[in-house]
Amino acid sequence: MSHIHELPKAYVPADAEAKWYPFWEENKLFHGRVNPDKPAYSIVIPPPNVTGILTIGHVLNNTLQDILIRYHRMRGYEVCWFPGTDHAGIATESKVQKSLKAAGQPGRDELGREKFIAKVWDWKEKYGGTIISQLRKLGTACDWERERFTMDEGLSRAVRKVFVELYKKGYIYRGQRMINWCPVSKTALSDEEVIYKEVDGKFYHIKYPLADGSGFLEVATTRPETMFGDTAVAVNPDDPRYRHLIGKMVKLPLTDREIPIIGDEHADPEKGSGCVKITPAHDPNDFLVGQRHNLEVINIMNADASLNDRAGKEFSGLDRYAARDKVMAELEKLGLVIGVEPIRHAVGFSERGDVPIETLISYQWFCNMKELAKPAIDAVESGKIKFYPERWSKTYFHWMENIQDWCISRQIWWGHRIPAWYNDAAGEVYVGMEAPSAPGKWRQEEDVLDTWFSSWLWPFSIQGWPDDTAELKYFYPTCDLVTGPDIIFFWVARMIMAGCEFMGEIPFRNVYFTSIIRDDTGRKLSKSLGNSPDPLDVIAEYGADALRFSIIYIAPVGMDIRYSNDKCELGRNFANKLWNCCRFRQMQGEVSDSFRKLNADPSGLTADEKWMIASIDAAVGSIETAFREFRFHSAAHELYELVWSKVCDWFVESEKVRLRGGEAEKLQAVRVLDYVIFKVLRLLHPFMPFVTEELAHSMGYVEDGESIMNERYPEPGEDGVFADAEIVKYVESKFALVSAGRALRSNCDIPDNRKVRYYIKAVDAAAADFLNTEVESLKMLMNASDVEIGLADYDAAGSGAAPSAIGDIGTVYLPLAGVIDLDAERAKLKKQRGEFEGWIRGTEAKLRNERFVAKAPAQVVEDAKRQLEELKQKLERVNELLSALD
RNA sequence: GGGCGUAUAGCUCAGUUGGUUAGAGCGCCACGUUGACAUCGUGGAGGUCACAGAUUCGAGUUCUGUUACGCCCACCA
C-alpha cells in the first residue's frame, strides 16, 4: 500500500484556512439561490458596525450562525446567510472626527455638512470592510454577493418609505418633549441609549427664602445648578407642615425672580425636607408638574451642557459641574446652605459618549410605537416567534407592553437625513420620499434618523424591499436570528414590529440569544480594561476551528461565558486528535468503497464494529436533538466524546488487531473506519469547517472541486440494520473489564510497557463465549501477552494468589508469579465487600418498603430487583475471592 | 422598588421529563516516548450538589424561605 499522501504529524490550521476559504468563495458555495425545489433556510447577520473590529463576542455569535447555516445546507435546505454592516451614526461620526483630528485635518464643523459626509464615506470605503474581512478568517459562510450596508441606496429608500408611511399614519410626529441629550455627541438619544449607573453624588440642602420675609423653605437637590430653571417649589398638598404656604412666593436665590409654592402630589413628604424645587425644562417629573400648573419652562443649558445666559452673567458659559460648585459657593456666602450629605444614586449616561446625559425639552421627531407593538406582542405570545432561552420573552413583553414613543431624530450628519422639508414662509411641513418641487422655498430637515431606524428593517430591506423581489418571496421570513440579549429592545423587538407592519409577516421564527462573554475573572470584556482578546491573534495561534469549537464547547446556554485564550487549547487539541485519527486511518491504505455506505454483511461485523456504529448513531440522534433545541454546546460535547473516547480511545485501539490481521479482516476494518470517519467529519463540519474539509479531501472522501459542505448530514437511525443492543452491552462490559485490568496493573506498579498475562473468569457460558471472541482485542487493549478466558476459578495452585477485579461479565485476574501483597489484596476485597453490602442493604430496604413497591413505576422496581441480584452475585464473587486468599 | 439569572471537584462548567454509587475539560499525582497523536496514552486523588424547611417510597433535579453574586427594567427630587 502506498503512503504517498501521508499527512503531516500535526494539523497546521493556517494551511487549511488559506486553502479552503478562497475555494469556497470562488466557487460560490455560499451563494443562496431562489430554488423552489428545496426548502429555504435563511439568516440575516446582525450587522456589525462599520467602525467595528472583530471581538470574541462576534466570534461566538457568527460561529453559531455559521453552524446553523452549514448544518441546514447539509440537511438539504437552500440556505442563504445575508451579511452586511451598519452605518452606526454616532459611533462612526465620532470615530471619523477623531481620526480627522489626529491627522491634523479640519474637523466636522469647519468642513460643513457635505464635505464632512464625504469624509465619512471615504473612511467607510477605506476601513469599513475590516470586520467583514475578519469574519472571513473565522470561516463564515456568508453570501457575500448579497452584502449590504445600511446606507446603500436601496436601504435608504426603504428607510424613507417607512418614514413616510408612518408619518401618514400619524405615528411619526414632530414635537417638543423631554428627551435625553448627550452633551458630547450633541444630539438627542432614545431612552434605550441611556445607561443608568449608580454613582456617588451629593444631596444638597438649600434654603429658599419666603418672599414675605417670614422664613424659608428647605429644598433638597442633587443638582443645585439647575436652580436657574426653577419656576416653582412644590409641597405635598396633604403635608401639614407646608399646606398653609401654598400660593405664597419664594425668592429664588442668585436671581431676581420670585417663584410660587405649589401643591402637588409629586412632592413626597417622606423624602428630603418634603419640599422639592421644580425645574420643568430639565427634569421629566418636573416637566409634568409644570404642565399641571402651567409653569414657565426655562431652558438654562447649551448643547454642550454649559449654562446659557438664562443662568445670569456670572454663570453663563460655565460647564454644569463648574456651575454647580460656583452655585454652592455663592449660596454658602449668602448663608443659604443647610447641609450637604453624600448620596448614591442612579445617573443616566450616554451609551456612546459615556458621559452623564441631560434631560431637557427639545423639538424632536418621535414615533408612537403603541399600535406597532400589538401584533409584535402577539407574534411571540402565540409562539409564531420563539425565544431561546425562552425566559427572554418575559423581558420582551414587559418592554413592549410599556413601550414609549421612540425619539428618532439625531442632531448629527452621518445617517439617513429625515425626509421632511419646511416651507418657513408658509409655515408648512412636507414629508415625502423625494424633495418637493420648487426647492427654493423648501429647506430639508437637518436631523438624521436614529441608526436603528434603518436596522429595524434589515430582514427585508436587505432583500430588496420595498420592491417585491423573488428573494423576499423565497427567503422571507428568515428562520433563525442569533444575537445578544443586550439588543433585544434596540433591534429584536423593533424588527418584529417592522416585519409585522411592513411585510405583514414576522421577520424570523426563532431568536437565539447568545451568552455574554467575560474574561476569566468574570469582568466584562472592554477595550479600556484591555481584557479583550483579538480573535485574529487567537486564530493565528490556535486556528479558526479551534477557536470556533472551543467557544461553542464552553458556552453554556443562557449564561455568561468566562473566556480566555488558553481555553482554545481544547479545540486545538481536538482538531489535532481528529487529524491524527485520520492520519492513522490513512496509514492503513487507500480509501475503501465504504465511506458513504457501509459495504458489509451486518452479520459479519465484529462486536466492536457493531458497537461503534451503534455509538455513532446514538450520537447523531443526540446531536439532532441538540440542534432542534439550540443546545449547541451539548452537540459539541457529544462530538468531542464520540471522537476522542469512543472512536479513538476504544474503537481504533481495539481495531488495530484486525488492521494487522488477514486481508479480509483488514478490509472490513478499513471499511468500517472509513464509514465512521466520514460520518464524523460530516457531523463536525458545521463546527470545524476547515479541518473537516481538508481531511475529507486528503482521505479521498470528497473529490477535487467538490466540498464536504455539500454532503448530506448524517441522520439518526440510518444504521438500524447493524443494531444489536445485546452486543453493545457486552462490548461496554468488555471495555469496563479492560479498565479494571489496567487498574490492577497500575496498582501493582507494573509499567504500561511491560506485557503481562491476565485470566478472566466469565460469569457464565455466554459471557465466556463472547470473551473468547475478544481475546485478541483484550490483549491489545490491556497490553497483555496472553488473556485466558475460563469459567473456572483462577487456579492459584500453580502460581499463587492473584489480584483481581470484578466486572459485570467476569472477574479479571492479574497473575504475578508470586509477587502479591496478600494483606493489601485482602484489604481491597474487604473494602469492596463492605461497599457491596452497603448497597445491598439499601436496595433491600427499598424493596421491603411497601410504599416503594406500590408507588414506584414497575420498571423502577424491576430494575431494583435486578440490581439486587447482580449485587448479590458480585458479593458472592468477592467472598469467593477472599476465601481463595486464605 | 419590580423582574430575571446563577450557586455542583482547586478552576470552568455538564447533569433533558425526580429513580442504583453525581460527570467532563483543565489543573494536580503516579506510570508510560509500543510504528495516529506528548496538541498523546493509562491509572489515581478530589464533591455532605450555597443554607434551612416542605412535597415524595425516593430530591443535585419540584415547591417555599434565606444568603451571596450578576444582569435587566423603573421619573428616587
Side-chain angles (χ1 to χ4, degrees), chain A residues 7 9-11 178 196 203 219-223 234 266-268 271-273 275-279 283-288 343 345-346 359 389 391-392 394-395 398-399 402 485-486 488-489 516 518 520 522 542 546 553-556 558-564 566-567 569-570 572-588 622 625 629 631 633-634 637 640-641 645 648-649 652-653 656 739 742-747 749-755 782-783 835 838-839 842-843 846 849-857 859-861 863-864 866-868 870-871:
Chain A
L7 296 170
K9 210 169 169 184
Y11 173 52
M178 182 67 62
Y196 287 90
F203 207 26
V219 299
T221 179
T222 54
R223 304 220 42 200
H266 167 61
D268 181 351
K271 275 184 189 166
S273 60
C275 304
V276 56
K277 66 198 259 320
I278 301 298
T279 321
D283 182 281
N285 282 316
D286 293 3
F287 179 68
L288 296 176
I343 186 177
H345 62 143
T359 46
R391 64 187 148 82
W392 288 108
K394 195 160 184 173
T395 308
H398 182 258
W399 188 75
N402 298 286
D486 50 330
I488 186 167
F489 307 136
I516 289 174
R518 300 172 176 281
D520 50 1
Y542 296 94
Y553 188 92
I554 65 171
M559 271 168 50
D560 295 351
I561 300 174
R562 297 202 172 195
Y563 172 86
S564 59
D566 53 15
K567 297 234 164 112
E569 283 181 18
L570 178 125
R572 179 199 59 186
N573 296 355
F574 184 53
N576 191 56
K577 188 74 181 176
L578 181 71
W579 180 265
N580 273 288
C581 176
C582 290
R583 180 164 174 261
F584 172 76
R585 158 63 192 90
Q586 207 176 42
M587 288 175 173
Q588 311 309 314
S622 309
T625 307
E629 296 169 359
R631 286 163 48 234
H633 78 288
S634 27
H637 281 255
Y640 188 92
E641 161 81 9
S645 168
C648 294
D649 289 348
V652 168
E653 287 307 316
K656 279 177 180 172
S739 293
R742 287 167 173 169
L744 288 178
R745 162 207 286 279
S746 180
N747 292 340
D749 286 329
I750 301 168
D752 292 343
N753 58 352
R754 209 178 98 198
K755 286 203 189 296
M782 298 197 285
N783 194 29
E835 287 168 6
W839 298 330
T843 312
K846 193 152 75 172
N849 184 331
E850 288 167 19
R851 285 178 298 184
F852 170 72
V853 179
K855 291 189 174 181
Q859 186 62 53
V860 174
V861 178
D863 287 349
R866 188 175 42 77
Q867 283 150 18
L868 184 59
E870 286 171 10
L871 284 168

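All chains are named by letter (A, B, ...) in the order of the sequence lines, taking the proteins before the strands, and each is independently numbered beginning at 1.
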field: Pairwise C1' distance for G19(B) and G60(B), with rounding to whole Å
entry: 13 Å
Which of G25(B), G19(B), G5(B) is nearest the side chain of F852(A)? It is G19(B)
Between CD of E653(A) and C1' of A36(B) the distance, given in whole Å, is 9 Å
With the side chain defined as heavy atoms from C-beta on, A743(A) is closest, among G3(B), U33(B), G43(B), to G43(B)
Considering only heavy side-chain atoms of N580(A), the closest of G43(B), G19(B), C37(B) is C37(B)
Considering every strand and a 4.0 Å limit on heavy-atom distances, what is the contact class for Y553(A): base, sugar-phosphate, or nothing? sugar-phosphate
As its Watson-Crick or G-U partner within any shown strand, both distances under 3.5 Å, U17(B) has none
When rounded to whole Å, the CG to C1' distance for the pair N576(A) and A36(B) reads 10 Å
Checking N1-N3 plus N6-O4 or O6-N4 for Watson-Crick, or N1-O2 and O6-N3 for wobble, each under 3.5 Å, the partner of G53(B) is C63(B)
Considering every strand and a 4.0 Å limit on heavy-atom distances, what is the contact class for T279(A): base, sugar-phosphate, or nothing? nothing
From CZ of F574(A) across to P of C37(B) the rounded distance in Å is 18 Å
Closest of U42(B), C31(B), A36(B) to the P751(A) side chain is C31(B)
- prompt: C71(B) and U42(B): how far apart are their P atoms, nearest whole angstrom?
  reply: 42 Å
Please determine whether any donor N or O and acceptor N or O are separated by less than 3.5 Å between the side chain of D863(A) and the base of G19(B). no
Inset, instruction - Taking atom P in both U62(B) and U16(B), compute the distance separating them and give it to the nearest angstrom. - result: 8 Å
C13(B) versus U6(B) - spacing of their P atoms, nearest Å: 13 Å
Check your understanding: Would you call the rings of F489(A) and W399(A) parallel, tilted or perpendicular if under 30° counts as parallel and over 60° as perpendicular?
Key -> parallel
As its Watson-Crick or G-U partner within any shown strand, both distances under 3.5 Å, C11(B) has G25(B)
Q.
Would you measure the distance from the C1' atom in U66(B) across to the matching atom in C73(B) and give it in whole Å?
A. 25 Å
- Task: Would you sort out whether H266(A) and L288(A) count as a side chain to side chain contact (heavy atoms under 4.5 Å, CB included), showing the intermediate values?
- Result: CA-CA 9 Å; H266(A) 167 61; L288(A) 296 176; over 6 Å; no
Here the pair of heavy atoms bringing T359(A) nearest to P284(A) is OG1-CD, 3.8 Å
K755(A) NZ to G32(B) P, in whole Å, measures 16 Å
With C1' as the reference atom in both, quote the distance from U55(B) to G46(B) in angstrom, rounded to an integer. 33 Å
Check: Does any N or O donor sit under 3.5 Å from an N or O acceptor when you compare the side chain of Q588(A) with the base of A36(B)?
Finding: no
Heavy atoms of M178(A) and D283(A) approach each other most closely as CE-O, 3.5 Å
RNA chain B nearest-nucleotide lookup for I554(A) and V860(A): closer to the 5′ end is I554(A)
- Task: Report yes if a donor N or O on one partner sits less than 3.5 Å from an acceptor N or O on the other, where the partners are the side chain of K846(A) and the base of C57(B); otherwise report no.
- Result: no
Note: A555(A) and I561(A) closest approach over all heavy atoms is CB-CD1, 3.3 Å
>> Using the C1' atom as the point on both nucleotides, what is the distance between G23(B) and G15(B), in whole Å?
In response: 7 Å
Protein-proximity profile, nucleotides 71-77 of chain B, B/S/- by nucleotide at the 4.0 Å heavy-atom cutoff, equals S-S-BSB
Looking only at G19(B), A36(B), G25(B), the nucleotide nearest the P857(A) side chain is G19(B)
From the candidates C57(B), A24(B), U39(B), the one with an atom nearest any side-chain atom of N573(A) is U39(B)
note: D566(A), atom CG; U39(B), atom C1'; distance rounded to Å ~ 14 Å
Q) Between Y553(A) and Y640(A), what is the ring plane arrangement, given parallel below 30°, perpendicular above 60°, and tilted in between? A) tilted
note: N783(A), atom CG; G35(B), atom P; distance rounded to Å ~ 12 Å
Closest of U39(B), G32(B), U20(B) to the R572(A) side chain is U39(B)
Between A220(A) and S273(A) the two heavy atoms that sit nearest each other are N-OG, 4.4 Å
Of U39(B), G25(B), C13(B), the nucleotide closest to the side chain of R562(A) is C13(B)
Taking a pair to mean Watson-Crick or G-U wobble geometry with both distances below 3.5 Å, A36(B) pairs with none
Out of C37(B), U12(B), C31(B), minimum distance to the side chain of D752(A) belongs to C31(B)
note: D749(A), atom CG; A30(B), atom C1'; distance rounded to Å ~ 8 Å
Scanning all shown strands, the Watson-Crick or wobble mate of C76(B) with both distances under 3.5 Å is none
Tightest non-hydrogen contact, residues R754(A) and R745(A), listed as O-NH1, 2.8 Å
Applying the 3.5 Å cut-off to both distances, the Watson-Crick or G-U partner of U42(B) turns out to be A30(B)
*So does K577(A) get a side-chain nitrogen or oxygen closer than 4.0 Å to the phosphate oxygens (OP1/OP2) of G41(B)?*
yes
On a heavy-atom basis, the closest approach of N783(A) and D752(A) is ND2-O, 2.7 Å
Re G70(B): Watson-Crick or G-U wobble partner, both distances kept under 3.5 Å, found to be C4(B)
Side-chain atoms of R742(A) come closest, of C37(B), U56(B), U42(B), to U42(B)
**Asked** Say you pick atom C1' in G53(B) and the same atom in A9(B); how far apart are they, in whole Å?
**Response** 27 Å
Taken to the nearest whole Å, OH/Y640(A) to C1'/C40(B) is 11 Å
When you measure from the side chain of N580(A) to the backbone N and O of N576(A), does any donor-acceptor pair fall under 3.5 Å? yes
Query raised in the report: Does the side chain to side chain donor-acceptor pair (under 3.5 Å) test come out yes or no for D863(A) and Q859(A), once each step is laid out?
Result: CA-CA 6 Å; D863(A) 287 349; Q859(A) 186 62 53; 3.0 Å; yes
